[in-house]
Amino acid sequence: MWIEIKNTRSKNIICAAIYRHPHNNNIPLSSFFEYLEHALQKVISENKQLYICGDFNFDLHKIHNCNHSKRFYELFHSFGLLPQITIPTRTTNNTATIIDNIFTNNYSHLKTSGNIITDFSDHYSQFLSVRDTTIDTKKLK
């Protein structure tokens, strides 16, 4: 899901929520990467603030030894998008992974990010709080 917040005093803001099933054999992984690259090319060319969050099922702990995780990270990084979550988002007795994240091209505003740890799910919830005094949304006509 992609939404755009129109802003009168600064760049418009795009927020996206993405879920990639870890074992979907019906859709090749290359199709996911192609979709993501095409979407990022379009949005970045429009010079907007971008926030993409989701359960991507690529472990950022493994970017040095897993080609899929490395490709995922490098794709975002090539468009100037950096991960805001750097601690495990899913833990079990035997594993700790960073498979849920929030990426942004916003480097200039004060941000706070992290996990909300509960036993409601096997994934923790992530948050990103951005202090931005220039937001003044346009009224819909």
Side-chain angles (χ1 to χ4, degrees), residues 1-140:
M1 174 185 293
W2 297 76
I3 63 167
E4 182 171 2
I5 301 168
K6 297 191 181 266
N7 199 351
T8 59
R9 291 198 271 171
S10 66
K11 295 179 182 181
N12 287 355
I13 300 168
I14 302 282
C15 297
I18 296 174
Y19 173 72
R20 188 190 71 82
H21 193 283
H23 305 294
N24 187 348
N25 294 327
N26 296 327
I27 300 173
L29 195 52
S30 60
S31 294
F32 174 76
F33 283 122
E34 288 170 16
Y35 163 77
L36 198 53
E37 183 173 10
H38 177 73
L40 292 175
Q41 284 173 340
K42 179 171 177 24
V43 173
I44 293 298
S45 71
E46 295 173 357
N47 194 29
K48 297 174 182 176
Q49 274 188 51
L50 179 58
Y51 299 91
I52 300 179
C53 62
D55 177 357
F56 302 101
N57 285 298
F58 292 108
D59 187 1
L60 294 189
H61 271 156
K62 296 181 179 176
I63 62 172
H64 298 294
N65 58 9
C66 173
N67 288 336
H68 297 312
S69 294
K70 181 179 179 181
R71 182 175 178 195
F72 173 75
Y73 174 78
E74 288 177 346
L75 178 61
F76 275 93
H77 194 262
S78 71
F79 286 98
L81 298 162
L82 299 177
Q84 301 301 296
I85 306 299
T86 57
I87 57 177
T89 61
R90 183 173 186 269
T91 60
T92 68
N93 291 335
N94 303 320
T95 63
T97 58
I98 305 174
I99 60 175
D100 312 279
N101 219 304
I102 303 168
F103 289 84
T104 186
N105 62 351
N106 177 352
Y107 315 122
S108 61
H109 297 99
L110 181 62
K111 298 182 291 280
T112 303
S113 63
N115 291 335
I116 301 170
I117 300 173
T118 68
D119 59 1
F120 179 73
S121 169
D122 62 340
H123 294 245
Y124 303 140
S125 298
Q126 290 69 55
F127 69 90
L128 176 64
S129 176
V130 180
R131 178 181 232 172
D132 188 342
T133 57
T134 62
I135 294 177
D136 183 19
T137 58
K138 295 177 184 173
K139 295 189 169 79
L140 297 175

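Values below: every heavy atom of this structure, side chains too, minus hydrogens, waters and symmetry copies. Computed from a prediction, not measured in an experiment: that's the story for all the values here.
- Contact annotation: the side chain of Ile102 never approaches that of Thr104 to less than 4.5 Å [non-hydrogen atoms, C-beta and beyond].
- Remark: Lys48 NZ to Asn105 CG distance equals 12.0 Å, nearest 0.5 Å.
- Here OG of Ser129 is found 7.5 Å from CZ of Phe127. Values are rounded to the nearest 0.5 Å.
- Across Ile63 and Ser69, no two heavy atoms sit closer than the pair CG2-O, 3.7 Å.
- With rounding to the nearest 0.5 Å, the separation of CG in Asp59 from NZ in Lys70 is 15.5 Å.
- A distance of 4.0 Å separates CD1 of Ile99 from NE2 of His123, quoted to the nearest 0.5 Å.
- Using bins of under 30°, 30° to 60° and over 60° for the plane-to-plane angle, the ring pair Phe56/Phe103 lands in the perpendicular bin.
- Within the 4.5 Å cutoff, the side chain of Asn57 has no heavy atoms near those of the His21 side chain.
- When all heavy atoms of Pro88 and Asn115 are compared, the pair lying nearest together is O-ND2, 2.6 Å.
- Summarising the geometry of Ile85 relative to Gly114, their closest heavy-atom pair is CD1-O, 3.5 Å, with the distance given to 0.1 Å.
- Screening Glu46, Gln49, Lys6, Glu4 against Asn12 for a side-chain hydrogen bond (donor to acceptor under 3.5 Å, both in side chains) leaves a single residue, Glu4.
- Interatomic distance, Trp2 CH2 to Lys42 NZ, rounded to the nearest 0.5 Å: 10.5 Å.
- In this structure, Lys11 and Asn47 have side chains that are in contact, with non-hydrogen atoms separated by less than 4.5 Å.
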Exercise for the section: Begin from the C-alpha positions of Phe76 and Phe58 and carry the test ring pair (Phe, Tyr, Trp, His ring centres under 6.0 Å) through to its verdict. Expected result: CA-CA 12 Å; Phe76 275 93; Phe58 292 108; 9.3 Å; no
Exercise for the section: Check step by step if side-chain contact (heavy atoms from CB on, under 4.5 Å) holds for Tyr51 and Val130. Expected result: CA-CA 11 Å; Tyr51 299 91; Val130 180; 3.8 Å; yes
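- Between the side chains of Tyr124 and Asp100, no donor-acceptor pair of N or O atoms lies under 3.5 Å.
- For the pair Ile18/Leu36, a side-chain contact is recorded, criterion being any heavy-atom separation below 4.5 Å from C-beta on.
- Counting heavy-atom neighbours within 6.0 Å of Ile27 CD1, excluding the residue itself, gives a total of 12 or less.
- Smallest separation of non-hydrogen atoms from Glu37 and Phe79: O-CZ, 3.9 Å.
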Problem - side-chain contact (heavy atoms from CB on, under 4.5 Å) assessment of Asn101 paired with Thr89 - result: CA-CA 8 Å; Asn101 219 304; Thr89 61; 6.0 Å; no
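- Around CG of Asn67, the count of heavy atoms belonging to other residues, nucleotides or ligands within 6.0 Å does not exceed 12.
- Note on ring orientation: taking the six-membered ring where Trp is involved, the planes of Tyr73 and His77 are parallel (angle under 30°, cut-offs 30° and 60°).
- Taken to the nearest 0.5 Å, the CG atom of Leu82 stands 5.0 Å off from the OH atom of Tyr107.
- The two residues Pro83 and Leu60 come nearest to each other via the heavy atoms CB-CD1, 3.9 Å.
- Proximity of Ile13 to Asn106: side-chain heavy atoms (C-beta onward) are nowhere separated by under 4.5 Å.
- Between Asn65 and Lys62, the closest side-chain pair of non-hydrogen atoms falls below 4.5 Å.
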